[in-house]
Amino acid sequence: EAQVTQNPRYLITVTGKKLTVTCSQNMNHEYMSWYRQDPGLGLRQIYYSMNVEVTDKGDVPEGYKVSRKEKRNFPLILESPSPNQTSLYFCASSVRSPQSNNEQFFGPGTRLTVL
Amino acid sequence: QQPVQSPQAVILREGEDAVINCSSSKALYSVHWYRQKHGEAPVFLMILLKGGEQKGHEKISASFNEKKQQSSLYLTASQLSYSGTYFCGTDQGAQKLVFGQGTRLTINP
């Protein structure tokens, strides 16, 4: 089944404790992206990747890191989480970038709480 | 620049029609529409391309006026299954989609 998976689905952590949220897709998509969703603000892009070893900042990249060593995986790293990073996070992938008019497939989401 | 969606929320009875608008202050290459049901991930509905091309999905259609930098989503004879939050994602030419804040649609029997 074609899908985007994220782990963990739920995470409660404390300020400053490094964490990684994994994202994997099995559709051989080139483009992958991370979003955070907050009430009243919609979906805001954190980072995106056009292909392996090619990543770039989205609209809200502060406090996050990403890597794209393999085509299928795009982990999101919070080196020192803070309470303002409490949010619902979505990973998404598409065949190519949105400019190629491809639909994005979203993962199930990761609800992160930073105390 | 994040596009502005209106209204922020709308409540309908089953069978009624609704229009959701998406307006941008920047030039747009395309507009993508997604629907998110409560507790789920956003799901793709359609893409609107330059040239005012309309695309349809079930009883949901949309339009894109590139000169006005606006798109509208039309839900005709709404069904209970249409409930959810609708997002427009705008391609502003920077290899990414910029989403609006969402419009929550509630359909009552």
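Computed from a predicted structure; not experimentally measured. Just so we're on the same page: letters track the sequence lines, and every chain starts at 1.
Looking at every heavy atom in both residues, A/P98 comes nearest to B/Q95 through CD-O, 3.8 Å. Closest heavy-atom contact between A/G107 and B/A41: O-CB, 3.0 Å. A/G42 approaches B/F87 most closely through the heavy-atom pair CA-CE2, 3.6 Å.
Within residues 2-11 of chain A, no residue has any heavy atom under 4.5 Å from a heavy atom of chain B. Heavy-atom neighbours of chain B within the stretch residues 43-62 of chain A, taken at a separation under 4.5 angstrom, comprise A/L43, A/Q45, A/Y48, A/M50, A/G58, A/D59. Below 4.5 Å, heavy atoms of chain B meet no heavy atom from residues 64-87 of chain A. Heavy-atom proximity under 4.5 angstrom to chain B picks out A/Y31, A/Y35, A/Q37, A/G40 from residues 19-40 of chain A.
A distance of 11.5 Å separates CD of A/E103 from CG of B/L97, quoted to the nearest 0.5 Å.
Under the 4.5 Å side-chain heavy-atom criterion for grouping Ile, Leu, Val, Met, Phe, Trp and Tyr, B/Y29 is not connected to B/V98 through any hydrophobic cluster. Residue B/L80 is not grouped with residue B/V43 when hydrophobic side chains (ILVMFWY) are merged at heavy-atom distances under 4.5 angstrom, including chains of intermediate members. B/L73 and B/I107 fall within the same hydrophobic cluster, defined by Ile, Leu, Val, Met, Phe, Trp and Tyr side-chain heavy atoms under 4.5 Å apart, directly or through other members. Residues B/V10 and B/V4 are members of separate hydrophobic clusters, defined by side-chain heavy-atom contacts under 4.5 angstrom among Ile, Leu, Val, Met, Phe, Trp and Tyr. Clustering ILVMFWY residues whenever any of their side-chain heavy atoms sit less than 4.5 angstrom apart, transitively, puts A/F105 in a cluster other than the one holding B/I47.
Other residues, nucleotides and ligands place more than 12 heavy atoms under 6.0 Å from the CD atom of B/E16.
Annotation: side chain of A/F106 is not in contact with side chain of B/Q36 (no heavy-atom distance under 4.5 Å).
In this structure a side-chain-to-backbone donor-acceptor pair under 3.5 Å is present from B/Q2 to A/L41.
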